[in-house]
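Taking it in order: structure first as structure tokens, then the write-up.
The structure displayed is predicted, hence computed values, not measured ones.
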Amino acid sequence: MATFKELGLEDNLLQAITDMGFETPSDVQEKTIPILLERETDIVSLAQTGTGKTAAFGFPMLQKIQIESRTTQGLILSPTRELCLQITKELESYGKHKKGLNVVAIYGGASITDQARQIKKGAQIIVATPGRMKDMIGRGMIDISKIEYCVLDEADEMLNMGFYEDITEILSHSPKDKSTWLFSATMPKDVAKIAKKFMHSPVEITVGSRNVGTENVSHEYYLVNARDRYLALKRLADANPDIFSVVFCRTKRDTQKVAEKLIEDGYNAAAIHGDLSQNQRDLVMKSFRTRQIQMLVATDVAARGIDVDDITHVINYQLPDEIETYTHRSGRTGRAGKSGVSMVIVSKSELRKIKSIEKIIQRSFTKKEVPSGMEICETQLFHLANSIKNTEVNHEIDPYLPNINEVLEGFSKEELIKKVFSVEFTRFYNYYKNEKDLNSAVGDTSVGNSEDSVRYFINIGGRDDFNWMSLKDFLKDLLNLGQDDVFRVDVKDSFSFFNTDKKHQDLVMNIFNDFKLDGRNISVEISKDGRKKGGGRSGGRSGGKGRGKGNRGGKSFDGGGSKFKGKSRRRSERPSGKGTGGKRRRRN
Ligand code: ADP
Ligand code: MG
């Protein structure tokens, strides 16, 4: 194994490497860095997520640019704002002993004039998302006519996000004789195409197995109502007592919230995301590696650093925005020759994403039922039986045995087994006996007020440029609630409806007690006649005019109740003509 010095890196970079605590180069760094340092060449470098590709192009670029010059010499295109910021930060720490280095991040959703001002100061390296980059070139705010190095980082994800045209446009403003370095975790046809179009006889490097859907991973999905996501997650955990898993959420906030709820509910869980300090992240990773944490709730970006081999389950609590990211997620399990399961908790509106993912991974998903409470009790009992069987007797208890035996005198072996198992069974039974069947919740048309949720009327709608998604976002941000806490958003022209759990009712009513949007009074009322009705009408103020496009609860399914009995009955959803779906069956 080579050292960083042997790869040909200069002293100031070696110093930074020591500061950061990197000891040896990763495979992709060992193979890529010497080539990029020695020659001016194009390169295609394929390696799994989390293998250190940023440093593989970052160090050579830093060593090769003229630091005295203020001309932009290096451009790095990367798919998302988060990655842009992450790469910028990494490059700044790699180059911290390079006086005068200026790396600028360019991405959408932030002030373009501020970014232009930073560029004006002279940035040797620009890290950009394609959309904003193209925009700024078009406005003459950025000049890339003198760049010598262009990196296409996470090329597969950029193409998946539809940046092909933007990339083409951007590169048309760059010199022909620059070097292009392409980095990717996967090599779908589109990436091969881009390599062919933009590169001249590139050196090709592949490290280990790229993360294509590995043979060892099976893919499952669980169809539930969006607001039952968390309950479904708990059941999946309870049904797999030895679970050692990464649970993926889309945002830092959801990540934090889900982890907190799990901890509150007694699971060995923790969150890992970008708002934690490096120190906190290291601690979490240490507890995960030593199995003190069974469920690590993570954002996609934070999960990039996870290098643990024995993960049994990847749980997609929410699907990623870009479906290619699914490959990276599921690639966290089924490593080192072990088998793994990638589970997706999915709501009906996201079902088509499953199809798109199947195309990418070229494997099919199995639709599974969220286990019933009884199945979970059964699993837990067998788990207990096996752990009793496998437990080594601790002889420290010997002195107490005579007294214990005295207490339990008169019970037969059978009776004792029943009692021991009842301890565990009763715990789960009590929790699950009143829980509903989560699978039947799909297509549940009880859009009105029910025991646990409240439907509201709000006097803004399509006329104010809202659709159900933007209104949902608006409400959840305003109320500071999570992704699934505002649901059944139904936007009409001049008004809309939405639901929250009953527990959020005071919050909603307080916030809208005196609320103005662009100077206009916004009022929210509890939708009076929005109570459950057969046929799933949202009722309320729509005045029976039928449902707009925003209606996502139109079709109704009545799953028929599965009984809380030994073997749970597998159900099939059957459409019921008249929509009796409002009657959600409860167990027991
Ligand atoms: P990739 O782009 O391949 O997904 P990254 O470049 O984001 O991976 O690196 C993943 C993590 O590994 C980062 O936190 C980075 O700081 C760290 N890292 C990179 N190279 C090394 C190394 N040689 N030794 C230790 N950690 C490293
Ligand atoms: Mg990367």
Side-chain angles (χ1 to χ4, degrees), residues 1-4 6-9 17 20 22-39 41-62 76-80 82-83 86-87 90-91 94 127 149-160 179-192 194-195 198-199 202-217 246 300-309 311 314 322 324-337 340 360-361:
M1 210 188 292
T3 62
F4 278 108
E6 283 161 2
L7 300 185
L9 292 173
I17 289 170
M20 280 184 305
F22 291 5
E23 281 165 10
T24 46
S26 68
D27 283 353
V28 68
Q29 292 163 0
E30 187 173 338
K31 288 196 182 161
T32 309
I33 292 174
I35 295 177
L36 294 183
L37 287 179
E38 275 162 28
R39 309 191 239 159
T41 177
D42 289 354
I43 195 167
V44 172
S45 189
L46 303 174
Q48 275 209 331
T49 313
T51 49
K53 294 192 286 296
T54 315
F57 62 76
F59 287 129
M61 185 179 281
L62 286 166
I76 297 157
L77 293 176
S78 136
T80 66
E82 281 70 32
L83 281 168
Q86 193 182 309
I87 294 167
E90 288 258 320
L91 290 184
Y94 303 162
V127 188
Y149 309 102
C150 175
V151 175
L152 304 174
D153 190 31
E154 314 261 351
D156 50 355
E157 290 206 35
M158 284 203 286
L159 295 178
N160 255 302
S179 300
T180 305
W181 303 343
L182 184 151
F183 287 78
S184 188
T186 58
M187 184 74 167
K189 275 196 212 80
D190 284 349
V191 174
I194 213 172
F198 295 111
M199 305 172 83
V203 178
E204 285 182 29
I205 286 175
T206 304
V207 171
S209 56
R210 324 169 207 149
N211 38 359
V212 287
T214 68
E215 288 300 310
N216 298 338
V217 180
V246 183
D300 287 295
V301 174
R304 273 158 206 274
I306 301 175
D307 52 344
V308 177
D309 274 341
I311 291 165
V314 163
E322 297 94 42
E324 176 71 19
T325 305
Y326 179 83
T327 324
H328 299 249
R329 289 181 174 188
S330 60
R332 299 271 146 225
T333 184
R335 285 150 77 121
I360 289 192
I361 61 174

Which atom names give the shortest non-hydrogen contact between [X] and [Y], and what distance separates them?
X      : Y      : result
Ser179 : Asp42  : CA-OD1, 3.3 Å
Ala185 : His328 : CB-CE1, 3.6 Å
Gln48  : Lys53  : O-NZ, 3.0 Å
Pro60  : Leu36  : CB-CB, 3.7 Å
Ile311 : Thr333 : O-OG1, 2.6 Å

Exercise. What residues form a ring-ring contact (aromatic ring centres under 6.0 Å, His included) with Tyr149, not counting sequence neighbours?
Worked result: Trp181

Exercise. With Phe59, which residues qualify under ring-ring contact (aromatic ring centres under 6.0 Å, His included), at least two apart?
Worked result: Tyr94

Quick one: list whatever passes side chain to side chain contact (heavy atoms under 4.5 Å, CB included) with [X], sequence neighbours left out.
X      : answer
Ala2   : Glu6, Leu7, Glu30
Thr80  : Glu82, Leu83, Met161, Glu322
Glu204 : Val44

To the closest 0.5 Å, what do you measure between [atom1] ([X]) and [atom2] ([Y])?
X      : Y      : atom1 : atom2 : answer
Ile76  : Phe57  : CD1   : CZ    : 5.0 Å
Leu182 : Cys150 : CG    : SG    : 9.5 Å
Ile87  : Glu90  : CD1   : CD    : 8.5 Å
Leu46  : Thr32  : CG    : OG1   : 9.5 Å
Ile43  : Ile35  : CD1   : CD1   : 4.5 Å
Thr24  : Ile17  : OG1   : CD1   : 11.0 Å

Problem set entry | Whether Gln29 side chain and Gly52 backbone form a donor-acceptor pair below 3.5 Å | yes

Problem set entry | Heavy-atom check, side chain of Pro202 versus side chain of Thr180, under 4.5 Å | no

Exercise. Side chains of Thr51 and Val207: closer than 4.5 Å at any heavy-atom pair?
Worked result: no

Problem set entry | Asp300: salt bridge (charged side-chain N to carboxylate O under 4.0 Å, His left out) partners, not counting sequence neighbours | Arg329

